[in-house]
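These notes concern the structure reproduced below.
Within every chain, numbering begins at 1; the chains are lettered A, B, ... in the order of the sequence lines, protein sequences first and strands thereafter. Source: prediction; values computed, not measured.
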Amino acid sequence: MNVKERLAGAIARAAAAAVSDGALPQGALPEVFLEVPPEKSFGDYATNFAMQAARTLKANPRKIAEAVVGRIEFPWLDRAEIAGPGFINFFLKPDWLHELLQEILDAGPAYGNTQSGGRQKVQIEFVSANPTGPLHVGHGRGAAFGSALANLMSAAGYDIQKEFYINDAGNQIDNLAASVEARYLELLGQTVEFPEDGYHGKDIIDTAQRIIDNSGSRYLLVSPAERREIFKQIALEEKLAALKEDLESFGVTFDVWFSERSLFADDAVAAACAQLREKGFAYDKDGAFWLRSTAFGDDKDRVIIRDNGVPTYFASDIAYHDNKFRRGFAKVINIWGADHHGYIPRMKAAMAALGYDPERLEVLILQMVSLYQGGELVKMSKRTGQGVTLSELIEEVGRDAARYFFIMRSLDSQLDFDLDLAKSHSNENPVYYVQYAHARIASIFRQMAEAGVAFDSSAKADLSCLTSAWELDLIRKIGDYPEEIAAAARDRAPHRIARYAHELAGLFHSFYNGCRVLGVEPELTTARLALVTASQRVLRHSLGILGVDAPEKM
RNA sequence: CUGCCCGUAGCUCAGCUGGAUAGAGCGCUUGACUACGAAUCAAGAGGUCGCAAGUUCGAAUCUUGCCGGGCAGGCCA
């Protein structure tokens, strides 16, 4: 439990005491929120508690503040002042930051991990790109975000499972097979009409070529239907393997790869449909089978099974999400592109119809990515196969920069990805700013070893000689980290960690510039090495959440 | 026409439960390497928070209406 939480507890206790001894009227007390005030003269922490309580207690905020201040008991508190309309500003004893740093060091390399998630079982499904072509930069954003969110929520004490849903059934896969077949025939000299909804990517031609390399022209002899079935299987395996490889080289792995086909093989789709019918939320009309999603706030009812008997993708999605909840997840998080946001109401409706609380399904929408190069928009389209793929992007700007750029913005703002900026190995690039701080620290330890300075990070140092603003601000920031993890996880907002890491790096660079670590009095060197150790751990931990390397040298 | 997201400094974006003088990076101006990495630091200029009402002691934040940009509105995915 950190200082802030303990102080908040002390405030709540003081307020409760004031109520029980009659100094304040009876009434519900609001939750205590502490903030770091905008100015140092307002103390170390401040709260608007008295102003909030003024509403529920119908009392003068300054009176409430006085009652709280008069009753508060907190070991590190130096003094509390009432300011403005009713803020309470808390000034802590100078030593509190030294004790805080000691606690941080005692926590070891895992410092930052919290239990705020309460081991809640949460599944995060992301990317889930159709295995019909290479990943593009939009998938990259989802992949970077999803994996960072998983890291973040794991650090915050959630029990996380990452899943990729393989769309290996339905139209698009048939189109894939037909596209490969067309390329195959073309390569063998036949003139064919390319399928209207076919995939034009070069990778399709490559696949056809590999089939020829391996098996020659023998598939000319089998029936078209059988040929397409074979090509479908070959292409699927190949595309899936390529997908996995791309993702792995982007630092993204999954615990489960879930096949859509398996839902049909297990009759899960039929079972889900039967259940919906039984519960009275699905019906037959015009030869099709419909979900009565309007019963749960959707704009219109939706077709689950077409009049030709073929299930829509929605049918397997319902079965899939039913399957997820049956696996015991408290929360199921889906990360979708903005172009799918219209499906949220029907998906939630389906879950409600099956009897699940739709709140347990969280759909996070990521806005579109635009690539800019030389100040110009790079257009992309999967259909025509033009545009920048994820692997090209990684090759171009590097894994770390790509991940950082994808993660550093909040999900719901459209992302302008500046290729030139991401590529530049210079001070313009925020990734290197953070990584440089880590590398500098590593360099200090190398120098230390060379100079024969002894330092044991687990030994207690006299930290009280850390007195400059550079040192104290840095400790303060490091002390905020667990809370930042908890808040970012709660808000599903890994970009906050990117920001935090950047701010921490900034404070470290200032410290580094203002304070020598090596070559000063031995006690001061030891204390500063302790501070540097803590800084390095938190930098590494936060970069780890982002999936960005923490280099020793660069 | 309807729904969702966005509109904050020249550019790209933060801004947590409504709170004190609205922040960061880049870019721009000016300084700092004869000691741990200058991919760094220090200082400065730069904003009617799209517009207008409303709620409130108090609004970038909540509500409504407009304006502008993006994305959706299939028995496509």
Side-chain angles (χ1 to χ4, degrees), chain A residues 30-33 35 37-39 41-42 46 48 51-52 54-55 61 83-87 89 130 132 167 170-172 175 197 286-290 299-300 302-308 310-314 317 337-345 365-368 370 372 375 405 408-418 421 424-437 439-448 450-451 453 483-484 487-488 490-491 493 495-496 498-499 502-503 505-506 508-520 525 528 532 553-554:
Chain A
E31 195 181 342
V32 179
F33 287 102
E35 58 173 4
E39 235 183 279
S41 65
F42 294 153
N48 62 353
M51 284 131 83
Q52 300 294 346
R55 280 196 193 173
F87 288 101
N89 295 332
N130 288 335
T132 51
N167 290 104
N171 271 336
Q172 71 278 11
N175 287 340
D197 296 324
D286 302 334
F289 184 58
W290 299 68
D299 294 337
K300 49 182 110 164
R302 309 289 174 175
V303 169
I304 304 175
I305 298 175
R306 301 178 178 94
D307 57 9
N308 62 8
V310 178
T312 61
Y313 82 96
F314 186 40
D317 263 359
D339 51 341
H340 286 68
H341 77 267
Y343 298 92
I344 299 173
I365 293 301
L366 58 92
Q367 297 298 319
M368 298 288 144
S370 306
Y372 284 85
F405 272 62
M408 73 178 174
R409 301 303 181 204
S410 82
L411 259 208
D412 45 28
S413 75
Q414 291 170 33
L415 180 63
D416 285 349
F417 195 117
D418 185 337
L421 179 61
S424 75
H425 287 234
S426 75
N427 58 350
E428 298 172 343
N429 196 327
V431 193
Y432 298 113
Y433 185 80
V434 180
Q435 290 184 317
Y436 186 55
R440 265 185 155 175
I441 291 171
S443 178
I444 292 174
F445 285 118
R446 282 194 299 270
Q447 295 278 339
M448 181 194 83
E450 241 170 73
V453 176
E483 191 189 346
E484 192 61 29
R490 178 200 63 207
D491 297 343
H495 75 275
R496 289 179 56 155
R499 264 194 118 63
H502 195 267
E503 287 164 7
F508 177 79
H509 285 310
S510 296
F511 157 78
Y512 182 89
N513 206 257
C515 304
R516 280 202 59 84
V517 177
L518 302 175
V520 292
T525 286
R528 285 181 174 164
V532 166
K553 292 181 180 175
M554 49 193 291

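In this structure, CG of A:Asp491 is placed 13 Å from C1' of B:A14, rounded to the nearest angstrom.
Residue A:Glu503 is out of contact with every strand shown, counting any heavy-atom pair closer than 4.0 Å. Residue-level contact check: A:Met408 touches neither bases nor backbone, having no heavy atom under 4.0 Å from any strand. Contact annotation for A:Asp286: base contact, defined as any heavy-atom pair under 4.0 Å involving a base atom. Among the heavy atoms of the strands lying under 4.0 Å from A:Asp412 are primed sugar atoms or P, OP1, OP2 only; no base atom is included. At a threshold of 4.0 angstrom between heavy atoms, the contacts of A:Met448 with the nucleic acid are absent. Using a 4.0 Å heavy-atom criterion, one finds that A:Arg490 contacts the sugar-phosphate atoms exclusively. At a threshold of 4.0 angstrom between heavy atoms, the contacts of A:Ser443 include nucleobase atoms, whether or not backbone atoms are also involved. Among the atoms of the strands shown, only primed sugar atoms or phosphate atoms (P, OP1, OP2) are found under 4.0 Å from some heavy atom of A:Ala338. A:His509 comes within contact range of the sugar-phosphate backbone alone, with a heavy-atom separation under 4.0 Å but no base atom that close. Within 4.0 Å (heavy atoms only), A:Gln447 reaches sugar-phosphate atoms of the nucleic acid but no base atom. Among the protein residues, A:Ala439 comes within range of the nucleic acid bases, having at least one heavy atom under 4.0 Å from a base atom. A:Phe33 comes within 4.0 angstrom of a nucleotide base, judged by non-hydrogen atoms across all strands. A:Glu39 comes within 4.0 angstrom of a nucleotide base, judged by non-hydrogen atoms across all strands.
Shown here are the salt bridge (Lys or Arg N to Asp or Glu O under 4.0 Å) partners of A:Glu35, two or more places apart in sequence or in another chain: there are none.
If you take atom C1' in B:U29 and the same atom in B:G69, they sit 34 Å apart, rounded to whole Å.
Picking from B:C71, B:C36, B:A20 the nucleotide with the shortest atom distance to the side chain of A:Asp339 gives B:C71.
At a cut-off of 3.5 angstrom, counting only N and O atoms as typed in the model, there is no donor on one side facing an acceptor on the other between the side-chain of A:His502 and the base of B:G25. The base of B:G19 sits within donor-acceptor range of the side chain of A:Asn48, with an N or O pair under 3.5 Å. Under 3.5 Å, the side chain of A:Asn89 and the base of B:A20 form at least one donor-acceptor pair of N or O atoms.
In terms of phosphate contacts, A:Tyr433 brings a side-chain nitrogen or oxygen within less than 4.0 Å of OP1 or OP2 of B:C41. Contact between the side-chain N/O atoms of A:Ser410 and the OP1/OP2 oxygens of B:A14 is found at a separation under 4.0 Å. The side chain of A:Tyr436 places an N or O atom within less than 4.0 Å of a non-bridging phosphate oxygen (OP1 or OP2) of B:A39. Distances shown here put every side-chain N or O of A:Arg499 at or beyond 4.0 Å from the OP1 or OP2 atom of B:G15.
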Tabulate protein N/O versus nucleotide N/O from nucleotides 7-11 of chain B, keeping only pairs under 3.5 Å, one per line.
none

Just to be sure I follow the notation: if a pair is Watson-Crick (purine N1 to pyrimidine N3 plus N6-O4 or O6-N4) or a G-U wobble (N1-O2 and O6-N3), each under 3.5 Å, what dot-bracket string does RNA chain B give, with | for pairs to another strand?
(((((((..((((.....[...)))).(((((.......))))).....(((((..]....))))))))))))....
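Remark: ring of A:Phe87 not stacked against base of B:G19; the cut-offs of centroid gap under 5.5 Å and plane tilt under 30° are not jointly satisfied.
Summary of the strand contacts: A:Lys300 and A:Ala46 both lie near RNA chain B, and taking for each the nucleotide with the nearest heavy atom, the more 5' one is attributed to A:Ala46.
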